[in-house]
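Written below as structure tokens is the structure these notes are about.
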Amino acid sequence: MIVYDKKYDVIVVGAGHAGCEAALAASRMGCATLLLTINLDAIALMSCNPAIGGLAKGHLVKEIDALGGEMARNIDATGIQFRILNTRKGPAVRASRAQADKQLYRLRMKRVLENQDNLHLKQAEVTGLRVEEGRVAGVDTKAGVRFAAETVILTTGTFMRGLIHIGLTNYPGGRAGDLPSIGLSDQLRELGFEVGRLKTGTPARLDGRTIDFGRLEPQYGDDPPLPFSFSTPRIDQPQVPCHIAYTNEKSHEIIRGGLDRSPLYAGIIEGIGPRYCPSIEDKVVRFPDKERHQTFIEPEGRETVEVYPSGLSTSLPIDVQWAFYRSIEGLERVEIMRPAYAIEYDYVDPIQLHASLETKLIRNLYHAGQINGTSGYEEAAGQGLLAGINAALRVRGKEPLVLGRSEAYLGVMIDDLVTLGTREPYRMFTSRAEYRLLLREDNADLRLREHGHAVGLLPEEEYRRFLEKREMIGAEFERIRQVKILPSGADPAFLEEFGLVGMQNAMTLEQLLRRPDVGYAELARIDGESREVPAQVAEQVEIQVKYQGYIDRQLEQVERSRKLESARIPEGFDYLVIAGLTAEVREKLHKFRPDTLGQASRIPGVTPAAITVISIALKARGAR
């Protein structure tokens, strides 16, 4: 084994969305960082849908940006269609989504990485970890080179023992066109990690020249498009439409006729697939009464004819794919450029992680992304960012950054993973967050910018602009509480329109703004200063005023749970000697090894009474 002549602070294995954020975070925090990947031309490649964001996922991207990550800036620079989803619903569940130019997204992220100080990129396949006295000391590569490091972050995606399935044919691959990673998951198993098997899939890529778009329903982006990043002033590049198509009964008959050659139904695929993003054959079998399924035909970029039929992933044989896709109206002559496939891969049960994403078995080893059982670019990027931050903090000798469930969707996701584990690909949903009214997209900077600045990821100029915005919001709150509308001085037409004729007492602007039919556009008709309030300030003030009662209730809930979340359980705490715990509770606590009482309280089967017993035991041992 050849030992490389430089020791790194942080080594990141894998250059998908998790690896990119991890490497950038660590290097921007001043750590000598090495990013190793099987293929340098596939950095930040979108293996599945060419899009960023969506319901709950958009929240993650905004939080990544607020902390100083790169994903939001990258999609702002390379997006080709931007939309806000759920605009008719409350602010807690509104979400941003953008189509990406797939190749431009990859190339820009690669350029950012290549130009980042403290960051080295090398093409190599990592086949093993170097572990010394219970801590990681570096990695070994297939080419026989050993790289030494203080910390290592594994972001292996779908590459560990990846196996691609098209019908009854299968072959090794990390994704179509790339080699798998062999050996690493075997070593992880030998080190004591619980390694499982998951499955995901992707649709075919179709030739847009062979689609009759005139027979499909166009879907346009928002005008004007709104950026993801709090640092992007506006989106200047032109947008392109997507198109909506539907399967039909003929499509479903073709699919049912091919199930005998489906690896999913023939028992060849062992891994568990994503419940919330099923293949089209799964949809047809599980929902036999549904006459059609919708698909969005999404362009993969401005300079390519390839399009992506969202929602039509499959592992059916190629001849069935031809017939199925051509059964859809408008796609009768469609040509497949890249076939759809399913992929199985190894992952490591995330209950073996601390909330910092450091493994419990090997010190200074961190896992992020699909190795933890998650599904999605955004989930991966968020974990990568926090793993990179915490690896850098470990090198500095500082405490890790752990976000609470009341602070961020990133905190919800990681707490779900490390507290409960997962047996299927984990996907973020707004319903997973009990404090979702506090965790809106629009206030991600107000929640997390301070953290980003504290760890050194937020440049001073951006931090200054954030402080100015926060001060303006506070000043505007004070102003609308002070400014009053007098009955005698108000515009009669305004009073009549809003049912205020005969108003006896003065009313503050804040009281007016509480009304569901009054926003800043209405305030501007009767108050000159309201016309000058910046849109981002007006948005925050209006949401806070209209939802104040609900927000206050959630803040009270947060305060009640704070003591549990801050009560740490010492590493190696022996539950077996604590009287008053049932055998089931002892077994679960011993298996999950929660870091805090809050985590322990969320383990299924651990009762409030058991939490009280543990709390008393911690006090008796002076652990709190």
Side-chain angles (χ1 to χ4, degrees), residues 12 15-29 43-44 46 51-79 82 95-98 100 105 108-109 112-113 116 153 155 226-232 356-357 366 368-370 372 374-392 400-404 407-415 417 426-428 430 432-433 439-459 462-463 466:
V12 179
H17 304 280
C20 289
E21 295 291 352
L24 286 171
S27 56
R28 286 169 176 172
M29 290 171 67
I43 285 174
M46 294 176 154
I52 294 293
L55 301 180
K57 293 170 176 282
H59 291 72
L60 293 174
V61 180
K62 293 276 191 177
E63 292 177 355
I64 291 166
D65 182 68
L67 287 168
E70 191 64 31
M71 178 173 267
R73 289 194 289 263
N74 212 54
I75 186 61
D76 283 349
T78 61
F82 292 77
S96 303
R97 187 180 189 274
Y105 187 96
R108 182 190 178 277
M109 187 67 85
V112 169
L113 291 164
Q116 176 60 48
I153 305 171
T155 69
L226 297 178
F228 264 97
S229 175
F230 293 100
S231 305
T232 303
S356 63
L357 297 180
Y366 297 78
Q370 282 179 286
N372 291 336
T374 57
S375 172
Y377 310 145
E378 303 82 2
E379 289 90 341
Q383 293 171 70
L385 175 65
L386 286 168
I389 289 171
N390 287 328
L401 173 62
V402 175
L403 300 174
E407 288 183 279
Y409 273 85
L410 292 169
V412 173
M413 172 179 64
I414 291 173
D415 182 70
L417 292 170
Y426 176 99
R427 180 178 176 181
M428 195 71 244
T430 55
R432 294 190 190 274
L439 308 182
R440 308 181 307 275
E441 267 197 7
D442 59 82
N443 70 352
D445 58 338
L446 297 173
R447 292 184 277 117
L448 299 174
R449 277 295 203 210
E450 290 287 1
H451 286 304
H453 181 255
V455 299
L457 288 182
L458 199 64
E462 288 191 27
Y463 185 59
F466 160 70

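Heads up: numbering here begins at 1 and tracks the sequence.
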message: Measuring only between side-chain heavy atoms, which start at C-beta, is Arg97 closer than 4.5 Å to Lys57?
response: no
query: Is the NZ or CZ atom of Lys62 positioned over Phe230's six-membered ring, under 6.0 angstrom from the centre and within 45° of the axis?
result: yes
query: Does any donor atom in the side chain of Thr232 or Asp76 lie under 3.5 Å from an acceptor atom in the other side chain?
result: yes
query: Do you know which two heavy atoms are closest between Gly69 and Arg28, and how far apart they sit?
result: C-NH1, 4.5 Å
task: With the side chain counted from C-beta on, respond yes when Leu403 and Tyr409 share a heavy-atom pair under 4.5 Å apart, and no when they do not.
output: no
task: Return the minimal non-hydrogen interatomic distance between Val412 and Ala433, and the atom names on each side.
output: CG2-CB, 4.1 Å
Under 3.5 Å donor-acceptor, Asn390 side chain and Leu386 backbone: yes
From Tyr426 atom OH to Gln370 atom CD, the distance as rounded to the nearest 0.5 Å: 14.5 Å
task: To the nearest 0.5 Å, tell me how far Leu385 CG sits from Leu60 CG.
output: 11.0 Å
query: Any side-chain heavy atom of Leu226 sitting closer than 4.5 Å to one from Ser96?
result: no
- prompt: Met46 versus His17: any side-chain heavy-atom pair under 4.5 Å?
  reply: yes
task: Flag the pair Ile389 / Leu457 as yes when at least one side-chain heavy-atom distance between them is below 4.5 Å, and no otherwise.
output: yes
task: Calculate, to the nearest 0.5 Å, the distance between atoms CD and CG belonging to Glu21 and Leu113 respectively.
output: 9.0 Å
Heavy-atom side-chain contact between Asp65 and Phe228 under 4.5 Å: no
message: Tell me the closest heavy-atom pair linking Leu410 and Ile64, and the distance in Å.
response: CD1-N, 4.4 Å
Value rounded to 0.5 Å, distance of CG in Leu446 from CZ in Arg440: 8.5 Å
- prompt: Taking all atoms of both residues into account, what is the closest heavy-atom pair of Asn74 and Tyr105, and its distance?
  reply: ND2-O, 3.0 Å
query: If you take all heavy atoms of Arg447 and Glu63, which pair is closest and at what distance?
result: NH1-OE2, 2.9 Å
message: Just verifying a value: how many Å separate Phe466 CZ and Asp445 CG, rounded to the nearest 0.5 Å?
response: 6.0 Å
field: SB check Arg108 Glu70 (cutoff 4.0 Å)
entry: yes
- prompt: Does the Gln383 side chain pair with the main chain of Gly369, one donor and one acceptor, at a distance under 3.5 Å?
  reply: yes
task: Would you mind reporting whether Met109 and Leu24 have side-chain heavy atoms less than 4.5 Å apart?
output: yes
task: Check Thr155 against Val12 and note the closest heavy-atom contact, atom names and distance.
output: OG1-CG1, 4.2 Å
query: What's the spacing between Leu401 CG and His451 NE2 if we round to 0.5 Å?
result: 6.0 Å
- prompt: Less than 4.5 Å apart, any side-chain heavy atom of His59 and any of Leu439?
  reply: no
